[in-house]
Chemist: 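One structure is given below, represented as structure tokens, and several questions about it will come after.
Within every chain, numbering begins at 1; the chains are lettered A, B, ... in the order of the sequence lines, protein sequences first and strands thereafter. Every value quoted in this text rests on a predicted model; they were computed, and no experiment measured them.
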2 protein chains.
Amino acid sequence: MSTATSPLAQPFPALPAIDGVTLRVARAQYKKWDRTDLTFVTLPEGTSVAGVLTTSKCPSPEVEWCRQALVLGQARALVVNAGNSNAFTGHRGRAAVEAIAARTAAAMECQPSDVFVASTGVIGVPLPIDKAEAGLDAAFTAEPCGWQEAAATIMTTDTFAKGATTTVIVDGRTVTLAGIIKGSGMIAPDMATMLGFIFTDAAVAPEFLQRALSAANGRSFSCITVDGDTSTSDTVLAFATGKAGNAPLVDDESDGADAFRAALADLCHQLALLVVRDGEGATKLIEIRVEGAESDRSAHRIAMSIANSPLVKTAIAGEDANWGRVVMAVGKAGEPAERDRLSIRFGETLVAKDGLAVEGYDEAPVAAHLKGQEIAVGVDLGLGEGVATVWTCDLTHGYISINADYRS
Amino acid sequence: MSTATSPLAQPFPALPAIDGVTLRVARAQYKKWDRTDLTFVTLPEGTSVAGVLTTSKCPSPEVEWCRQALVLGQARALVVNAGNSNAFTGHRGRAAVEAIAARTAAAMECQPSDVFVASTGVIGVPLPIDKAEAGLDAAFTAEPCGWQEAAATIMTTDTFAKGATTTVIVDGRTVTLAGIIKGSGMIAPDMATMLGFIFTDAAVAPEFLQRALSAANGRSFSCITVDGDTSTSDTVLAFATGKAGNAPLVDDESDGADAFRAALADLCHQLALLVVRDGEGATKLIEIRVEGAESDRSAHRIAMSIANSPLVKTAIAGEDANWGRVVMAVGKAGEPAERDRLSIRFGETLVAKDGLAVEGYDEAPVAAHLKGQEIAVGVDLGLGEGVATVWTCDLTHGYISINADYRS
């Protein structure tokens, strides 16, 4: 199945090298395809790592492996397999992850727990160990490659390679952050989603890196949804090589801690939006802003109820200012709301206020806004100070075609 | 917009008259269409009423009206408007409901609180009082009609008229139950959904009728979902005229109480499944049975997570035995589950067991089952005694066409 590039795609940006990070790709041939599908990243001694992982009760063995290894906070290598998620494969799946870690640790002369593994693709087929090992052996001796090639190698149903970068001054040194990410369907709320990998040359203690990543996750990956379906393999890992030479960031009092946190949050935000832009069948990027809720948590739940509503998403696909469906989605969220205080806007135009339609509102700017590619829906509940912003895409025939019009 | 009849449609059954219940329809012309859109039902003095209503935080004024009137437990008339839900219309919407109740009460020589009102259709447009009153005046003098005509008159995006009936012996008398229902999209979990109206000639005290209806609702209307979107107008009302002459059912000890409850539950089940059969774009009726959960409530939540998963619903639309997506939906439900105890079947065939695929299972019966119109998905969590069954339909291009391919 080939899919046209998302109309919301963005060109791959120029990503700088991160001192200490070397990327390589190889062909493990996990599927019958003519492309690289194994990514191998080496990291220098002293690299810190942090991660956020799916909260699925049925996680892949890769997720379990990373969860255990993250406790130690150290990383020397990352292996990413595309085309087979290895999820729900029992002891054979676990054996495949252990074999990958062991072979990589032997080549790197490090501990298996220093090797992080992530896999993405079909569920229920054990990752073939022979293919993984042959792919690894090829990767060990391959020429280093660039970010775009690695970003393309971790893709599955994605229609474009996704990366982002930012820089920040920490302790008088310019440190660089760069990340790549994949994800298009089975993208859902309330947790880390997809596979995302972030690298920085900053020196950062693992505990601080973890706190900063978890905070950034709460405002980025946890605020996007394509279809409300949560993968068994969602993983975001952040690696800090320390090569920038700054005094290590260890806590909130460290010089540059605030700036680093903000830069990491910015990078996560950029990466998360790229995933929504590649949402299966997406033709519009939708930002949903909820204000006036009883709490931020309540605002987030209401925003997600709107973002996951098939009727809201199809209305926007149809460029229809059907704010009644937004009312419906607010009402079903189960959170405090008072119909007669509710107001709704599309773009800059208030279309409903105090529990009824704004009489004679100007439909022209609303229609023009809905014809665009970036749609803003605003809801004010008029109850309190709680706010949240989430991002999603529209629901189109493209989503059905990608997910129903073939046999696996 | 015209839509072809659902391939899952069932012919309208022969519904018996219910002693005391008279049906009439009229043209209020709530939309520009050439059809009846106002249903008027008269009920004899002494009729008991019970109801279950949407839990939406943004309910229609009709829902609020019914909630208040239900406290009194008495009914003399029902008015149903199709084409305009009157939801989110502020004081003008409330005034319309009051006007309908007042005009009907004057004609019936009863209290306004004896008049139940329900409306379905577009959100955000106040129901025009002049059209409602003219429609009522026409209905008051119209010839009585049959069940099928009334069932067709309450439809909106429905593609076929829906009704069901059953009989039961209570206190030595045969009592009859009949119901009509509408609903196709914006059909969602965990509450009474849609507009459904049930009539019986049994003598039943309002409190017992309410308990029996609430219990039946928990196993029928609360166990179906089309798109996970919950209407602002969902209403199911049950009316008991008492004309069958049985000693009134007042509590669980009354003669025939168990039989009546079972009959009401059966009728609700029949009606609920008719709504799923008319799910927007549906081509397959899907039954999801979850066993072995920690509790019935946990089983219900997991079943609904599967039933609302766009990836599961599109896989079934594509006749794809993609049980990995079922694993995904179990994992995201947030309920207790252990991957390595989980088993999944399609139809009668076990496809995954103890956390991995059943090696070499026979794909032929699975493929044959998925080509049918009635699909059974079974999940056994292997944890406890909790069970639940829910019903949904597949997600197809038809759903997108109905909801995105037009402007409102």
Side-chain angles (χ1 to χ4, degrees), chain A residues 55-59 87-90 92-93 122-125 185-186 188 227-232 308-311 314-315 317-320 322-325 327-340 342 352 354-357 395-397 399-401 403-408, chain B residues 55-59 87-90 92-93 122-125 185-186 188 227-232 308-311 314-315 317-320 322-325 327-340 342 352 354-357 395-397 399-401 403-408:
Chain A
T55 59
S56 170
K57 303 284 182 176
C58 299
F88 213 72
T89 53
R92 289 173 59 192
V122 66
I123 293 173
V125 180
M186 209 179 274
D227 51 14
D229 273 348
T230 302
S231 162
T232 48
N308 279 322
S309 160
L311 289 172
T314 48
E319 302 180 349
D320 177 10
N322 194 327
W323 55 267
R325 294 183 179 179
V327 174
M328 176 281 301
V330 171
K332 77 164 181 165
E335 292 295 315
E338 282 184 34
R339 183 189 58 203
D340 296 345
L342 189 61
D354 298 339
L356 67 170
L395 175 58
T396 68
H397 285 289
Y399 186 88
I400 307 293
S401 295
N403 289 299
D405 293 354
Y406 73 102
R407 310 286 187 282
S408 67
Chain B
T55 60
S56 170
K57 302 284 184 176
C58 299
F88 213 71
T89 53
R92 289 174 58 192
V122 66
I123 292 173
V125 180
M186 210 179 274
D227 51 15
D229 274 348
T230 301
S231 161
T232 48
N308 279 322
S309 161
L311 289 172
T314 48
E319 301 179 348
D320 177 11
N322 194 327
W323 55 267
R325 295 183 180 180
V327 174
M328 176 279 302
V330 171
K332 77 164 181 165
E335 293 294 316
E338 282 184 34
R339 183 189 57 203
D340 296 345
L342 190 61
D354 299 337
L356 67 170
L395 174 59
T396 68
H397 285 288
Y399 185 88
I400 306 293
S401 296
N403 288 299
D405 293 354
Y406 74 101
R407 310 286 187 281
S408 66

Chemist: Would you compute the distance between atom CZ of F88(B) and atom CG of D340(A) and round it to the nearest 0.5 angstrom?
Modeler: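 CG of D340(A) is found 7.5 Å from CZ of F88(B).
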Chemist: Quick check: closest heavy atoms across G124(B) and A357(A), and the distance to 0.1 Å?
Modeler: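 Heavy atoms only, the tightest pair is O-CB, 4.2 Å.
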Chemist: To the nearest 0.5 angstrom, please state how far the CD1 atom of I123(A) sits from the CG atom of L311(B).
Modeler: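 CG of L311(B) is found 9.0 Å from CD1 of I123(A).
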Chemist: Roughly how far apart are I400(A) CD1 and Y399(B) OH, rounded to 0.5 Å?
Modeler: 9.5 Å
Chemist: Looking at P59(A), G355(A), G90(A), which one has more heavy-atom pairs under 4.5 Å with chain B than the rest?
Modeler: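 Most heavy-atom pairs within the cutoff with chain B belong to G355(A).
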Chemist: Enter the distance from D320(A):CG to N403(B):CG here, rounded to the nearest 0.5 Å.
Modeler: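 Going from CG on D320(A) over to CG on N403(B), the span is 10.0 Å.
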